[in-house]
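Only one structure is covered here, and it is reproduced in the block below.
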Amino acid sequence: RDMIQDNGDGTYTVTFREPVEILGLHLGTREVEVTVSGPFDGGAAHPSGDVNANGEQEVWPAIIEAAYAQPYHAHDPHYSTGVNPSDVMERILGVSAQSEDVGAVDIDTIESRLEDGEAVVAWTSSTTDANGNSVFPTPEQQKIADGYGVVPGHAYSVREVVHAGETYVDPNTGQSV
């Protein structure tokens, strides 16, 4: 959230970090500032998931998404065609990021990356139904996602690994899962 500056006039300036490369050599980053104004609704920010620890709706994800669309996704400001999470992470964090197929990464690798301080993002696939809504490809996936409050075509920050058989306690609600 430090990348967002409230300008006090209903607009926000968001600073991204664009990788600078020459001949495949990473030379650092340059700042790209984008100013946006509300309302901040729609887009990829999903109202059921972008909440704080008190369950209150957060607006900062929608501000970042609106700003990101200007220089990097102007052809589709509501993200109906999706966006590669690693591209977004590079521009938010200012470090190299990569995308890997879910079958190419095991739990131990994810846990190791988290222990090394790397940012890990999980993305949920989706398809479009007859009404133009983003949905999970199979009813089985939808049932599992519904149980966890996960929406299709959305990126989630991974903060820890909970192995099968371990009890997870949600730090926001205190509920055991």
Side-chain angles (χ1 to χ4, degrees), residues 1-4 12-36 40-51 58-129 131-138 140-142 144-145 148-161:
R1 288 181 258 181
D2 293 336
M3 66 190 289
I4 302 171
Y12 297 85
T13 298
V14 180
T15 303
F16 295 102
R17 288 163 181 77
E18 178 75 29
V20 176
E21 294 184 7
I22 297 178
L23 301 172
L25 218 63
H26 182 72
L27 302 176
T29 61
R30 68 180 179 90
E31 289 188 352
V32 175
E33 291 187 346
V34 180
T35 300
V36 293
F40 298 104
D41 53 6
H46 191 277
S48 69
D50 298 320
V51 295
E58 290 278 10
V59 71
W60 65 266
I63 292 171
I64 292 172
E65 288 175 350
Y68 188 88
Q70 287 185 25
Y72 307 117
H73 220 258
H75 67 283
D76 182 17
H78 290 286
Y79 299 96
S80 60
T81 60
V83 64
N84 186 328
S86 65
D87 292 343
V88 177
M89 295 302 289
E90 284 185 352
R91 292 176 177 130
I92 288 176
L93 300 174
V95 297
S96 180
Q98 61 190 17
S99 290
E100 298 180 57
D101 183 65
V102 69
V105 181
D106 61 25
I107 293 298
D108 292 334
T109 300
I110 293 171
E111 192 167 39
S112 174
R113 288 179 179 172
L114 289 170
E115 288 171 358
D116 289 344
E118 294 183 37
V120 177
V121 174
W123 177 78
T124 55
S125 63
S126 67
T127 189
T128 305
D129 68 11
N131 298 320
N133 299 313
S134 183
V135 296
F136 283 98
T138 69
E140 293 82 13
Q141 290 173 331
Q142 185 67 55
I144 293 168
Y148 289 99
V150 174
V151 296
H154 205 72
Y156 294 89
S157 174
V158 177
R159 296 168 51 181
E160 68 180 294
V161 171

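Atom CD1 in Ile144 sits 7.5 Å away from atom OG1 in Thr138 (nearest 0.5 Å). Atom CD of Gln70 is separated from atom CD of Glu65 by 13.5 Å, given to the nearest 0.5 angstrom. Atom-to-atom distance recorded for Ile4:CD1 and Tyr12:OH is 8.5 Å, nearest 0.5 angstrom. Summarising the geometry, atom OG1 belonging to Thr15 is positioned 4.0 Å from atom CD belonging to Glu33; distances are rounded to the nearest 0.5 Å. Here Ile64 contributes atom CD1 and Ile92 contributes atom CD1; the two are 5.0 Å apart, rounded to the nearest 0.5 Å. Atoms CD1 and CE, on Ile63 and Met3 in that order, are 11.0 Å from each other to the nearest 0.5 Å.
In this structure Pro71 satisfies the side chain to side chain contact (heavy atoms under 4.5 Å, CB included) test together with Val34, sequence neighbours excluded. Not a single side chain to side chain donor-acceptor pair (under 3.5 Å) links Thr124 to another residue, sequence neighbours left out. With sequence neighbours excluded, the residues that form a side chain to side chain contact (heavy atoms under 4.5 Å, CB included) with Leu93 are Met89, Val95, Ala119. For Arg30, the side chain to side chain donor-acceptor pair (under 3.5 Å) criterion is met by no residue, not counting sequence neighbours. With sequence neighbours left out, Thr29 forms a side chain to side chain donor-acceptor pair (under 3.5 Å) with no residue at all. Residues meeting the side chain to side chain contact (heavy atoms under 4.5 Å, CB included) test with Leu27, sequence neighbours left out: Val20, Ile22, Leu25. Partners of Ser157 under the side chain to side chain contact (heavy atoms under 4.5 Å, CB included) rule, at least two apart in sequence or in another chain, are Arg159. Here Phe16 pairs with Tyr68, Tyr72 under the ring-ring contact (aromatic ring centres under 6.0 Å, His included) rule; sequence neighbours left out. The side chain to side chain donor-acceptor pair (under 3.5 Å) check on Ser112 picks up nothing, with sequence neighbours excluded.
The salt bridge (charged side-chain N to carboxylate O under 4.0 Å, His left out) contacts involving residues 109-127 comprise Glu100-Arg113, where partners must be two or more places apart or lie in separate chains. Under the salt bridge (charged side-chain N to carboxylate O under 4.0 Å, His left out) criterion, the residue pairs touching residues 13-28 are Glu18-Arg91, with sequence neighbours excluded.
Shown here for Ala145 and Phe136, the closest heavy-atom pair between the two residues is CB-CE1, 3.2 Å. Val158 and Leu114 get closest at one heavy-atom pair: O-CD2, 3.3 Å. Of all heavy-atom pairs between Val151 and Tyr156, the closest is N-OH, 2.8 Å.
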